[in-house]
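So that the names make sense, note that chain A is the first sequence line, chain B the second, and so on, each numbered from 1.
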Number of protein chains: 4
Amino acid sequence: MIPPKDKPTFIEEARRKQIIDAALQTIAEQGYTQTSFAEIAKGLGITKGLIAYHFNGKHDLITSAIHTILNRQGAYIKERVDAQENASDKLRTYVEASVEYIEQNRAHFVALVDLWGSFTSPEEKTAFSETAYDPCRAHLQKIFRIGLEQGEFGGFEPQGISAIIQGGIDGVMLQWVFDPSAVNLKEAGHELAEMFVRRCKK
Amino acid sequence: MIPPKDKPTFIEEARRKQIIDAALQTIAEQGYTQTSFAEIAKGLGITKGLIAYHFNGKHDLITSAIHTILNRQGAYIKERVDAQENASDKLRTYVEASVEYIEQNRAHFVALVDLWGSFTSPEEKTAFSETAYDPCRAHLQKIFRIGLEQGEFGGFEPQGISAIIQGGIDGVMLQWVFDPSAVNLKEAGHELAEMFVRRCKK
Amino acid sequence: MIPPKDKPTFIEEARRKQIIDAALQTIAEQGYTQTSFAEIAKGLGITKGLIAYHFNGKHDLITSAIHTILNRQGAYIKERVDAQENASDKLRTYVEASVEYIEQNRAHFVALVDLWGSFTSPEEKTAFSETAYDPCRAHLQKIFRIGLEQGEFGGFEPQGISAIIQGGIDGVMLQWVFDPSAVNLKEAGHELAEMFVRRCKK
Amino acid sequence: MIPPKDKPTFIEEARRKQIIDAALQTIAEQGYTQTSFAEIAKGLGITKGLIAYHFNGKHDLITSAIHTILNRQGAYIKERVDAQENASDKLRTYVEASVEYIEQNRAHFVALVDLWGSFTSPEEKTAFSETAYDPCRAHLQKIFRIGLEQGEFGGFEPQGISAIIQGGIDGVMLQWVFDPSAVNLKEAGHELAEMFVRRCKK
DNA sequence: AATGAATGAGCATTCATTCAT
DNA sequence: CATGAATGAATGCTCATTCAT
């Protein structure tokens with residue numbers, strides 16, 4: 001028998017990445033509902049059959065696209081947070097790096113807002129919550145733990161605050177996605193960072 | 001000569017409201033992309049032709065649905081904010097009433113998150129921003145103005161802070177939409193309210 | 001029992017005429033396929049239900065509209081032909097009056113060309129032929145008979161020539177309907193008239 | 001880089017031709033308004049999706065169908081006219097070949113009369129006039145020019161006469177489409193040909 | 001005589017998906 | 001790996017027609 005499905009070939013991975021990037025681009029430009037396999041394929045000079053060949057259906061493509069966005073942003077943030085010494089700076093950096101990444105990758109977040117609507121059942125919604133929000137909140141809580149252990153932070157409930165911080169970032173991003181001129185992202189990031197750091201300090 | 005648009009009849013208005021509510025229900029349950037005229041009609045025991053009869057196409061229906069959500073929430077908040085005397089209480093109330101209304105109308109906000117993806121062009125996105133966010137930020141800024149005039153508030157930039165406050169509310173709501181068990185909405189509202197009031201006070 | 005369906009009331013007739021004229025107008029402007037009851041009603045300030053009330057379905061309306069065009073044109077031509085003394089002048093007048101009437105009622109003939117396509121079955125086509133062409137060809141043959149009896153005409157086969165004369169008129173009209181600048185209707189009528197008169201004269 | 005429009009494959013062309021022929025058949029039998037993609041597909045044993053795959057919408061299909069009729073007839077006529085030596089024979093042949101082709105392809109012309117109604121806007125009507133009538137009139141005028149140069153023809157205005165000749169053919173065809181027993185096409189063609197040749201000769 | 005609410009069948013069109021080549 | 005032909009189900013929408021008021 002042929003082995004079930006081992007390590008993907010190099011070209012396989014390259015194609016997937018290429019298709020995902022084209023999909024994000026198209027979603028950002030035309031919206032999720034207008035983004036068909038044919039549309040993605042057209043912008044890439046390939047056929048829609050090929051997309052179906054590399055992904056297990058549309059759901060797979062969308063899921064992969066979201067993971068891509070999230071992983072890239074997560075890596076960007078982690079790198080910068082890890083470079084900070086104390087918890088206050090880590091928290092500040094978390095917020096500001098989040099916002100920076102968003103600003104530098106507008107299309108991704110325009111697409112992401114669109115894709116939120118692609119999770120229909122409660123199960124899918126919960127699953128998205130787990131892949132998207134849990135890691136973020138966990139990262140924040142890790143920063144809190146450091147701050148608490150070092151006596152830098154105190155007087156708050158980590159779980160709740162983590163949701164609020166992440167929410168602040170996402171909510172500001174959302175307004176900026178709909179109208180970039182309505183919100184000054186960088187300043188909002190600054191303000192958020194300072195407000196949260198003050199809140200968490202003893 | 002003849003007025004171009006006669007006032008809608010009673011039955012007309014009732015049907016529209018009925019269809020909008022059913023649409024919101026269906027969107028919350030099945031997602032926007034799965035919500036067809038046929039699906040809405042089925043749940044209502046009417047034909048899809050009737051929906052087309054009462055709405056000028058799908059865009060009209062979902063626009064009306066969004067306005068319905070927004071107007072109801074806006075009225076709920078305004079009523080409570082207006083009952084408060086000073087700016088701090090108004091601000092606190094704004095945040096807490098927002099969250100309360102969200103909690104009491106989960107389906108509406110599940111639907112709303114889905115509907116964000118229905119605005120494809122930049123123009124539609126901007127238009128949504130104007131109907132959805134501008135009034136909220138304007139309301140907040142009116143509260144700030146009162147606080148500033150009465151010497152209660154100070155030391156911040158109203159425009160920027162209004163986006164942040166609204167963003168905080170929306171961002172927390174978003175997480176709760178995906179997984180209600182991940183966030184304690186009421187507590188988050190409390191925390192947000194206190195944090196923002198403290199930030200705005202002199 | 002109520003008498004089956006006696007003489008239509010005055011208002012009934014007025015409404016029918018009004019609706020038929022509006023229908024012809026709309027067909028000429030928007031084309032037959034775009035002409036719905038709703039469209040006709042809109043241009044008239046009434047409801048589409050009323051059209052359905054006055055006509056036994058769309059087929060009845062279309063048939064009545066065609067008869068209206070044909071009858072008006074027939075009356076116009078007959079009046080002018082009857083005023084002529086000899087067969088040559090009658091024939092000349094038949095052709096030129098036909099073309100004159102067409103030129104003065106462009107919308108009617110734009111509509112008529114569109115409506116040709118509304119007869120689907122062979123039976124309907126034959127029926128149209130009988131109401132539209134038979135009277136025309138019969139009229140022409142009556143003119144021929146006069147010419148033959150008076151020794152003015154001769155050397156042709158009335159039946160065949162009648163079809164050719166009518167065809168010439170219709171064919172030129174058709175080109176003019178599609179592009180009025182492509183054909184000089186009046187001159188074409190003149191030329192046709194002269195050619196046919198010469199052909200029929202001994 | 002890549003050429004924008006690759007040459008259509010063999011199967012592509014075959015399918016298009018097959019679908020066009022089936023469409024003409026269905027239009028001739030059931031009328032244009034009754035001719036849906038579903039109806040055409042049913043008669044062909046394929047799905048309506050396939051028609052949409054091969055044509056850019058209904059407009060593309062019927063435009064292609066009309067061009068097919070016109071091109072085939074045009075080629076048929078040209079071949080026979082070119083075989084004639086002098087202008088009189090060319091003109092005679094033009095008329096008679098037109099009528100012959102019509103007689104041999106009744107369904108095409110039944111369909112064509114129906115399709116006249118598918119051009120709704122003035123722009124579409126003019127465009128049809130240009131593709132359908134302009135080449136015919138131009139061909140006739142080319143024949144006239146030969147006749148004039150060789151001193152065979154004279155005493156008429158080419159532009160006007162070309163419209164009249166084409167109109168005669170079309171008008172007779174029209175009557176025959178509605179009722180084939182009302183007109184003897186071949187004899188009418190003969191008569192028309194003789195009348196026009198006599199008219200054009202000096 | 002007239003309305004407007006409601007129907008239900010039909011329409012062109014879109015699209016993810018399948019599959020032989 | 002990749003293509004392009006083909007499917008079939010679904011979608012928003014149109015419209016003549018019916019009917020209670």
Side-chain angles (χ1 to χ4, degrees), chain A residues 9 11-12 14-15 33-41 45-62, chain B residues 6 8-12 14-16 33-41 44-62, chain C residues 8-12 14-15 33-41 44-62, chain D residues 6 8-12 14-16 33-41 45-62:
Chain A
T9 57
I11 191 161
E12 165 77 15
R15 268 279 189 237
T33 54
Q34 309 299 327
T35 299
S36 58
F37 277 21
E39 205 67 30
I40 300 168
I46 60 172
T47 62
K48 58 182 176 174
L50 190 55
I51 299 178
Y53 176 79
H54 284 289
F55 291 89
N56 253 338
K58 198 178 193 183
H59 189 262
D60 183 21
L61 171 58
I62 296 302
Chain B
D6 287 319
T9 57
F10 170 75
I11 191 162
E12 165 79 13
R15 267 279 189 242
R16 279 182 69 101
T33 54
Q34 307 300 325
T35 299
S36 58
F37 277 20
E39 204 68 29
I40 299 169
L44 224 41
I46 61 173
T47 60
K48 59 182 176 168
L50 190 55
I51 299 178
Y53 174 76
H54 285 289
F55 291 88
N56 266 336
K58 197 179 194 184
H59 189 261
D60 183 22
L61 171 56
I62 72 124
Chain C
T9 58
F10 170 75
I11 191 162
E12 166 78 13
R15 268 279 190 236
T33 54
Q34 308 299 328
T35 299
S36 59
F37 277 20
E39 205 68 28
I40 299 168
L44 221 44
I46 61 172
T47 61
K48 58 181 175 172
L50 191 54
I51 299 178
Y53 176 79
H54 284 290
F55 291 88
N56 254 338
K58 198 176 192 183
H59 189 262
D60 183 21
L61 170 58
I62 295 303
Chain D
D6 288 318
T9 57
F10 170 75
I11 191 163
E12 166 77 15
R15 267 281 190 239
R16 278 183 70 101
T33 55
Q34 306 301 325
T35 299
S36 58
F37 277 20
E39 204 67 30
I40 299 168
I46 60 172
T47 60
K48 59 182 176 169
L50 189 56
I51 300 178
Y53 174 76
H54 285 289
F55 291 88
N56 266 336
K58 195 177 195 184
H59 188 262
D60 183 22
L61 172 56
I62 71 125

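- Residue B:Phe37 is classed as a sugar-phosphate contact, given heavy-atom separations below 4.0 Å to backbone atoms only.
- Atom NZ in A:Lys48 sits about 18 Å away from atom P in F:dA2, given to the nearest Å.
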Pairs under 3.5 Å (Watson-Crick or G-U), crossing ones as [ ], inter-strand ones as |: DNA chain E comes out as .||||||||||||||||||||
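- Where D:Glu39 and C:Ile46 each meet DNA chain E at their nearest nucleotide, the meeting point lying more 5' is that of C:Ile46.
- In this structure, C:Ile62 places its CD1 atom 14 Å from C1' of F:dC15, rounding to the nearest Å.
- Here the nucleotide nearest the side chain of C:Ser36, chosen from F:dC15, F:dT14, F:dT7, is F:dC15.
- At least one side-chain nitrogen or oxygen of A:His54 sits closer than 4.0 Å to the OP1 or OP2 atom of F:dA2.
- Remark: C:Phe37 CZ to C:Thr47 OG1 distance equals 11.5 Å, nearest 0.5 Å.
- The nearest heavy atom of DNA chain F to D:Gly45 and to B:Gln34 marks one nucleotide each, and the one closer to the 5' end goes with D:Gly45.
- Using a 4.0 Å cutoff to heavy atoms of chain D, the contacted part of DNA chain E runs 5' to 3' from E:dC11 to E:dT14.
- The residue among A:Gly57 and B:Arg15 whose nearest nucleotide of DNA chain E lies closer to the 5′ end is B:Arg15.
- The shortest heavy-atom contact between A:Leu61 and A:Phe55 is CA-CD2, 3.7 Å.
- Atoms CZ and OH, on C:Arg15 and C:Tyr53 in that order, are 11.0 Å from each other to the nearest 0.5 Å.
- Distance check, rounded to the nearest 0.5 Å: CG of C:Leu44 to CD of C:Glu39 gives 12.0 Å.
- Contact record, B:Lys58 with B:Thr35: NZ-O, 3.2 Å, taken as the closest heavy-atom pair.
- Here D:Thr35 lies in heavy-atom contact (under 4.0 Å) with sugar-phosphate atoms only.
- Looking at heavy atoms from C-beta onward, B:Glu12 lies in side-chain contact with B:His54 at the 4.5 angstrom threshold.
- Nucleotide F:dC15 holds its C1' atom 14 Å from the CG atom of C:Leu61, rounded to whole Å.
- Heavy-atom distances to DNA chain F give each of A:Gly49 and C:Ala52 a nearest nucleotide, and the one nearer the 5′ end belongs to A:Gly49.
- Taking atom CD1 of B:Ile40 as the reference point, atom P of F:dC13 lies 11 Å away to the nearest angstrom.
- Scanning all heavy atoms of the two residues, the minimum distance from C:Ala41 to C:Lys48 falls at CB-N, 3.6 Å.
- Using a 4.0 Å heavy-atom distance criterion, A:Ile11 is classed as a sugar-phosphate-only contact.
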